[in-house]
Amino acid sequence: EGRIGLVERAPNSSDDEDDDDIISDEAAHPERLPPGSAKVHWAAADEPKTEFIDDLRLADRVFLLGDIVSRSDAQLGQTGIVVGMRMYCDVRTRDGVVLHRVPTELLQPLAACRPGALVLHAHSRWLGRVDEVYDNVQLAFDDGAICKVRTFRRMDDVST
């Protein structure tokens with residue numbers, strides 16, 4: 001279909017617990033994924049959806065420091081460990097112009113915290129994972145009125 005989405009969970013991913021794990025996170029992920037499927041949050045959808053892996057095409061994969069990697073044409077050959085990264089993006093502006101190979105350190109995310117992101121409390125020295133994010137959005141109008149938005153829809157869903 002040409003849609004773009006973000007895989008939130010897949011079998012054998014780091015947050016896919018085994019049945020014999022001591023610590024259970026069933027409150028955060030109450031349902032198991034069916035074999036051969038992944039949970040995908042599509043760009044134009046409010047909620048993630050379970051999709052069969054055979055129906056998906058991988059457009060990009062995030063490498064993390066410490067990941068064990070190998071050549072795609074020789075996966076059983078020599079391996080290595082990711083010790084540093086440089087990432088670039090092609091960015092499409094509102095007027096349709098595409099900026100090629102923009103270094104990611106020049107870009108900022110629209111939301112500081114996203115579900116699944118790892119967070120570190122520097123003073124208390126604990127590591128956690130973000131399960132849910134709620135935005136407190138207030139709109140100020142030209143006439144001085146202020147409106148609190150409790151349910152947020154994407155801006156491109158709002159007709160002018």
Check this for me: Leu76, atom CG, are more than 12 non-hydrogen atoms of other residues, nucleotides or ligands nearer than 6.0 Å? no
Say you draw a straight line from OG of Ser37 to CZ of Arg32; how long is it, rounded to the nearest 0.5 Å? 12.0 Å
Looking at CG of Leu99 and CG of Leu107, how far apart are the two atoms once the value is rounded to the nearest 0.5 Å? 9.5 Å
Closest non-hydrogen contact found for His41 with Glu8 is ND1-OE2, 3.0 Å
Just checking Glu105: does its CD atom have more than 12 heavy atoms from other residues, nucleotides or ligands closer to it than 6.0 angstrom? yes
Side-chain heavy-atom pair Val119, Val130 within 4.5 angstrom cut-off: yes
Going by heavy atoms in the side chains, are Thr50 and Pro34 under 4.5 Å from each other? yes
Calculate, to the nearest 0.5 Å, the distance between atoms CG and CD1 belonging to Leu58 and Ile53 respectively. 11.0 Å
Anything under 3.5 Å between a donor and an acceptor, one on a side chain of residues 80-93, the other on a protein residue two or more places apart or in another chain? List them.
from, atom 1, to, atom 2, distance (Å)
Asp90, OD1, Arg101, N, 3.0
Thr93, OG1, Asp95, OD1, 2.3
Thr93, OG1, Val97, N, 3.3
Thr93, OG1, Val97, O, 3.2

Rounded to the nearest 0.5 Å, how far does CD of Glu51 lie from CG of Leu33? 11.5 Å
How about Asp143: does its CG atom have over 12 heavy atoms from other parts shown lying under 6.0 Å from it? yes
For Leu127 and Leu118, what are the C-alpha separation, side-chain angles and deciding distance, and is it a side-chain contact (heavy atoms from CB on, under 4.5 Å)? CA-CA 7 Å; Leu127 177 69; Leu118 297 176; 4.3 Å; yes
Sequence neighbours excluded, the answer for salt bridge (charged side-chain N to carboxylate O under 4.0 Å, His left out) partners of Asp55 is none
In this structure, are over 12 heavy atoms from other groups packed under 6.0 Å from Ile68 atom CD1? no
Ignoring hydrogens, what is the shortest heavy-atom contact between Thr79 and Ser70? Give both atom names and the distance. CG2-CB, 4.2 Å
